[in-house]
There are 2 protein chains.
Amino acid sequence: MPTMRTGPGRLPGMARPSKRTTLREVAEATGLSTAAVSYALRGKHVSKETEERVRKAAAELGYEADPIARALASGRTSMVGVLAGDLQDLWQQQLMAAIGRELLAGDRYALILDAGGDPDRELALAKQLRDQRVDALLVSPVNPSAEGWAAIADALPVVAVGDSLSAARTAGQVIFDNRAGIDAVLEYLHGLGHRRVTVLTPTRPSTPDRPADVYVGEAADRLGLRAELVPCPQELGEATLVARRVLDGERPATAVFCFSDSLAYGVYAAAAEASLEVGRDVSVVGFDDHPVSRVLTPPLTTVDWGLAEIAAEAARLTVAAIEGKRVRKKRILCAPRMSERGSAVRV
Amino acid sequence: MPTMRTGPGRLPGMARPSKRTTLREVAEATGLSTAAVSYALRGKHVSKETEERVRKAAAELGYEADPIARALASGRTSMVGVLAGDLQDLWQQQLMAAIGRELLAGDRYALILDAGGDPDRELALAKQLRDQRVDALLVSPVNPSAEGWAAIADALPVVAVGDSLSAARTAGQVIFDNRAGIDAVLEYLHGLGHRRVTVLTPTRPSTPDRPADVYVGEAADRLGLRAELVPCPQELGEATLVARRVLDGERPATAVFCFSDSLAYGVYAAAAEASLEVGRDVSVVGFDDHPVSRVLTPPLTTVDWGLAEIAAEAARLTVAAIEGKRVRKKRILCAPRMSERGSAVRV
DNA sequence: GCGGTTAACTTAAGCGGTTAACAAGCCCTC
DNA sequence: GAGGGCTTGTTAACCGCTTAAGTTAACCGC
């Protein structure tokens, strides 16, 4: 029978394998009650000198509070659930990365889940996150006006970031002024002489009166141009296929307005396949300003919303909501800034 | 004094606000002990009919086990800590998204942290993840051979994915055959007539004998070409600056080999600024095959490692390690596939 | 018909913290 | 000098679940 051991050899004097030091051990070492230690480590109710003594002992023993136990007792994990609408979208990947960084800087963890563009899944994942006891929920381009979100918002603070001017009760919102963005783009294209525009929208089951769609319709009517909405997956391969159909149609529109830069990349790919030159044979406008957009040929004309500030504000609102702080503005409106580059031209 | 209530109005008959149903309540409803219910819900030790009865009651009461309490009692959260080397790298963003999906499909959550390219931070974050009690740690392009990783691997299974042929004890590895990839690229460039190549590597404090660097040196010697290693940040703006310096130098190399596609985008941007044409004035090769790489002009010649399989294998190894299963191959070697496109040309 | 299994539950002791409630000591005040 | 109010601690009750160990009662072979 082979010698059993729970781990590899260990130098004498080192801490036991994966046995963490507990609060009780610190209490015993200091001759205090566990309660006193618990308070001391969080700087409450105890004298300066006791606090010092406890801290010292804790440090010596290498004590680190167990987040799970703490969560069970206190009701708060230090995790924020982050629900991404669709991580196939490169810009959302960027956003999630930025949000993760922001939260981590405040000693919180982002538990990021990807709804993959499916609204039903969004709600299911939101419930999973709630059940995971995250302290707050940060939902990205998601539409939390659906039935069922109330139950989520009841249980924990929800911060929305995206285009949803949702009626649902949220603890904060960072919203893109989509109407302004859409107006700006369509006016821009109109000014360049375009009269027929294809609008590539993310595929989501057609809620008939989705705000963005409505804005497009209104702006188109106002400007007197024809805008056709075409749903399109964010994944490049599929987006390329859809874009291909759009470009290959008979009498294709002169311009394609994409609701995300990722979709625009699909148009670039499709154009290349069809030997069309973006910025000459067809105009393309994106909607995110992803870093690589400026590397394309021609550089993609798009709408910048200020990703860094969005991530920072979202994190700030979320943390404030968790801590129950009052914030001056619970609703941050992001103004669009057109990044005019070479992909849209006069027709 | 205003009326206080804990939540918004609620229809009579609906469940109480954010009070979850507990195991005890199900136990009372069925007249069983909490233990019996606990067992029943996990299908152990109980009769078929009791199990059925419990399931029904649980469903009716809308019972959902509290993951925190479960974690405290059982010692396992259903979270996998995922440590990304640098999320500025677009390919790593893709990888993280894919890993997140894979794990979620298996009812586990990915707790993703970004080391931002800093090796010291890597270890610190790994410790944080361990303290968060994740069931396993999945480390992406990270070098776990450093001092201190042993303490991590002692406490939980560690799966490595990346180029690290690390000596540290891991529960599994998905490794890119970097030597093969580097050889392939340099041979390819050599075959095109290039004799001086700049190699853009991610900035990490210079561990003098990092494997990849060594491979470059060896391959260069063998082929008789001169390869200059230049560290470069993954963020596009900074990468562009570095690339700019590389391209502007006097007697610049004829080809730039980038250790990630993100770095290559920087070269494209720098080339455009300098009015150089990639694929004519300078050859560029990437190393990841990020989706957008094929959208660039010219499409980026790069090395594909099969992201989807990597993510799937990494998730599989991780789950296997958690469940203590034996796996046939604990070490998956990913072979490079050159995606030859238009960015590297004969000189 | 009797010890030995086994199936089906129950009991109860945690897991490692938090936190309300109470107690002791000390200083003031009236 | 009794009562009031701090400050500093302690006690003990959770938080909601898991699980080792114990209890019945039915079943079984001989």
Side-chain angles (χ1 to χ4, degrees), chain A residues 16 18-55 57-58 61-79 130-135 155-156 322, chain B residues 15-55 57-58 61-79 130-135 155-156 322:
Chain A
R16 316 163 234 35
S18 50
K19 219 59 180 166
R20 305 164 55 117
T21 22
T22 75
L23 194 62
R24 182 181 345 270
E25 296 178 276
V26 179
E28 279 162 8
T30 53
L32 290 167
S33 67
T34 63
V37 174
S38 172
Y39 284 129
L41 291 176
R42 284 169 303 140
K44 299 177 117 176
H45 289 309
V46 290
S47 68
K48 267 295 166 209
E49 58 184 45
T50 306
E51 178 174 338
E52 202 43 53
R53 193 155 52 95
V54 170
R55 272 193 205 299
L61 295 172
Y63 172 76
E64 202 82 44
D66 181 338
I68 301 291
R70 186 193 295 257
L72 182 60
S74 71
R76 53 188 106 271
T77 60
S78 43
M79 296 193 304
R130 176 201 52 184
D131 291 343
Q132 278 288 320
R133 292 278 166 106
V134 294
D135 293 340
L156 77 178
I322 293 170
Chain B
R16 313 163 237 35
S18 50
K19 220 53 178 172
R20 306 165 53 117
T21 20
T22 75
L23 194 61
R24 182 182 347 270
E25 296 178 276
V26 179
E28 278 162 8
T30 52
L32 290 166
S33 68
T34 63
V37 175
S38 173
Y39 285 131
L41 290 176
R42 284 170 302 142
K44 300 177 114 178
H45 291 311
V46 289
S47 67
K48 267 295 167 209
E49 59 184 46
T50 306
E51 179 174 339
E52 203 43 53
R53 192 154 54 93
V54 170
R55 273 195 204 296
L61 295 172
Y63 171 75
E64 201 82 44
D66 181 339
I68 300 293
R70 186 192 293 259
L72 183 58
S74 72
R76 55 189 104 269
T77 61
S78 43
M79 296 193 305
R130 176 200 52 185
D131 291 343
Q132 278 289 319
R133 290 277 164 109
V134 294
D135 292 340
L156 77 178
I322 293 171

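Proteins come first, then strands; the chains are lettered A, B, ... in the order of their sequence lines, and each starts at number 1. Please read all numbers here as calculations on a predicted model, not as lab measurements.
For the atom pair A:E25 CD and A:T34 OG1, the distance stands at 12.5 Å (nearest 0.5 Å). Here the OG atom belonging to B:S78 is positioned 8.0 Å from the CZ atom belonging to B:R70, to the nearest 0.5 angstrom. Between the CG atom of A:L156 and the CZ atom of A:R76 there is a distance of 12.0 Å, given to the nearest 0.5 Å.
The phosphate of D:dA20 (OP1 or OP2) has no side-chain N or O of B:Y39 nearer than 4.0 angstrom.
Heavy-atom distances to DNA chain C give each of A:Y63 and B:T50 a nearest nucleotide, and the one nearer the 5′ end belongs to B:T50.
Rounded to an integer number of Å, the gap from CG of A:L32 to P of D:dT11 is 11 Å. Atom CG in A:L23 sits about 14 Å away from atom P in D:dT11, given to the nearest Å. Taking atom CG of B:L41 as the reference point, atom P of D:dC17 lies 10 Å away to the nearest angstrom. In this structure, B:R42 atom CZ and D:dT18 atom C1' are separated by 6 Å, rounded to whole Å.
Within 6.0 Å of CZ in B:R55 there are more than 12 heavy atoms belonging to other residues, nucleotides or ligands.
Taking the side chain of B:R24 as heavy atoms from C-beta on, and the options D:dC15, D:dA12, C:dC9, the nearest nucleotide is D:dC15. Among the nucleotides D:dC17, C:dC9, C:dT10, the one closest to any side-chain atom of B:T22 is D:dC17.
Taking a 4.0 Å limit (strictly below) on heavy-atom distances, residues 66-74 of chain B reaches DNA chain C at B:L72, B:A73.
Contact check for A:L23 versus A:L41: side-chain heavy atoms found under the 4.5 Å cut-off.
When base pairs are accepted only as Watson-Crick or G-U wobble with both N-N or N-O distances under 3.5 Å, DNA chain D takes part in stems of 3 or more pairs at C:1-30 with D:1-30.
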